[in-house]
Colleague: 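Handing you a structure now.
Whatever order the structure lists ligands and atoms in, that order sets their numbers, starting from 1.
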Amino acid sequence: MSSSLSSPSVLLNTGVQMPLLGLGTYKLVASEEVLRAVDAALAAGYRAFDSAAVYENEAGLGRALRELLPKYGLIREDVFIISKLDPKDQGERAMEGALQSLSQLDLGYIDLYLIHCPGTQGLAVTDQRNPGNRAQSWAILEELHGQGKLKAIGVSNYTPAHMRELMQSCKITPAVLQVEFHPKLCQRELRSVCKEYGVCFQSYSSLGKGKLLTDPVVSEVAKNCERTPAQVLLRWAVQQGVPVLPKSSNPDRIQGNAQMFDFTLSDVDMDRMSALDCGQKYCRDSSNIV
Ligand code: A2P
């Protein structure tokens, strides 16, 4: 990774650094919207971008980066691109799906490619073909990793059981597990499984889809340290070494969300926020997928 990386980073088990801060792009679809968000993010120091085949913005993200990197004196190697396999391509179509992501992004390689979820679109959560399909997807990701097209591979929305299953059969240990994580969903078991296997635990929806921004405890902590609720929610995660991917389409919020490396939350405030843990999920729930 280039030294021009301006955002603090974590070391993956591949030996590569991944920025602690990345822009979430879920629901950013229109080309102009993607361009504006990527522009604001690069200006604010973001060096990672999180897309997915199902977000239908891989092509727009690739185009925006090709256009905007020179404006900031950056090259392809200065940014870290994450994307994910479409759940409809889980199993025997995984090669096609991953190659499609590579061609849509058109950035030469993908820094981190994830199995988006343990299930297969179109199959019931109880369908016994699910484990075989995700194992097949993983083997295909391993193959593309071997070819250098996917620099790192990982999974998203896996439960502790899915992680243990993968660890029994994989040739390559996943580099990252990306899941919903915020004070109301502290994911203690998953974090300890990741620690045990040397997998980087990465957060999405650190703001609880925006719903935690008005939580009274979060608001009070924010007021005490003269920060925004979004900044303290993101700080709570990165202070634990957890990389975050806040999504915003608004340039001011994109800029504001990046301001979390210049302050520290006290142990008391960290503990008050962690005490909100109640298993609340605002996003998809994979716990029933066999
Ligand atoms: P918007 O795109 O209009 O900024 P999460 O990352 O937890 O899924 O949260 C994303 C949601 O939070 C989006 O709806 C986004 O809306 C909103 N959001 C992101 N950053 C902020 C912020 N700093 N203040 C208020 N809302 C925010």
Colleague: Assess the side chains of S101 and Y113: does a donor N or O sit below 3.5 Å from an acceptor N or O?
Modeller: yes

Colleague: State whether Y109 and R76 meet the cation-pi test: NZ (Lys) or CZ (Arg) under 6.0 Å from the six-membered ring centroid, and within 45° of the perpendicular axis.
Modeller: yes

Colleague: Looking only at side-chain N and O atoms, does R63 offer a donor or acceptor that is under 3.5 Å from a partner on S31?
Modeller: yes

Colleague: Let's go through R235 and T264 carefully: what are the C-alpha distance in whole Å and the side-chain angles of both, what is the deciding distance for side chain to side chain contact (heavy atoms under 4.5 Å, CB included) to 0.1 Å, and is it a yes or a no?
Modeller: CA-CA 7 Å; R235 179 71 209 178; T264 308; 4.2 Å; yes

Colleague: Okay, side chain of Y46, backbone of I254: is any donor-acceptor separation there less than 3.5 Å?
Modeller: yes

Colleague: Are there any N/O pairs under 3.5 Å between ligand 1 and the protein, and if so, what are their distances?
Modeller:
unit_1	atom_1	unit_2	atom_2	d
ligand 1	2 (O)	K247	NZ	2.9
ligand 1	2 (O)	S249	N	2.8
ligand 1	2 (O)	S249	OG	3.0
ligand 1	3 (O)	R253	NH2	2.7
ligand 1	4 (O)	S248	OG	2.5
ligand 1	4 (O)	R253	NE	2.7
ligand 1	4 (O)	R253	NH2	3.2
ligand 1	6 (O)	K247	N	3.3
ligand 1	7 (O)	L207	N	3.0
ligand 1	7 (O)	G208	N	3.3
ligand 1	7 (O)	K209	N	2.9
ligand 1	8 (O)	S205	OG	2.9
ligand 1	20 (N)	N257	ND2	3.0
ligand 1	23 (N)	N257	OD1	2.9

Colleague: Just by distance, do the side chain of D271 and the backbone of V268 share a donor-acceptor pair under 3.5 Å?
Modeller: no

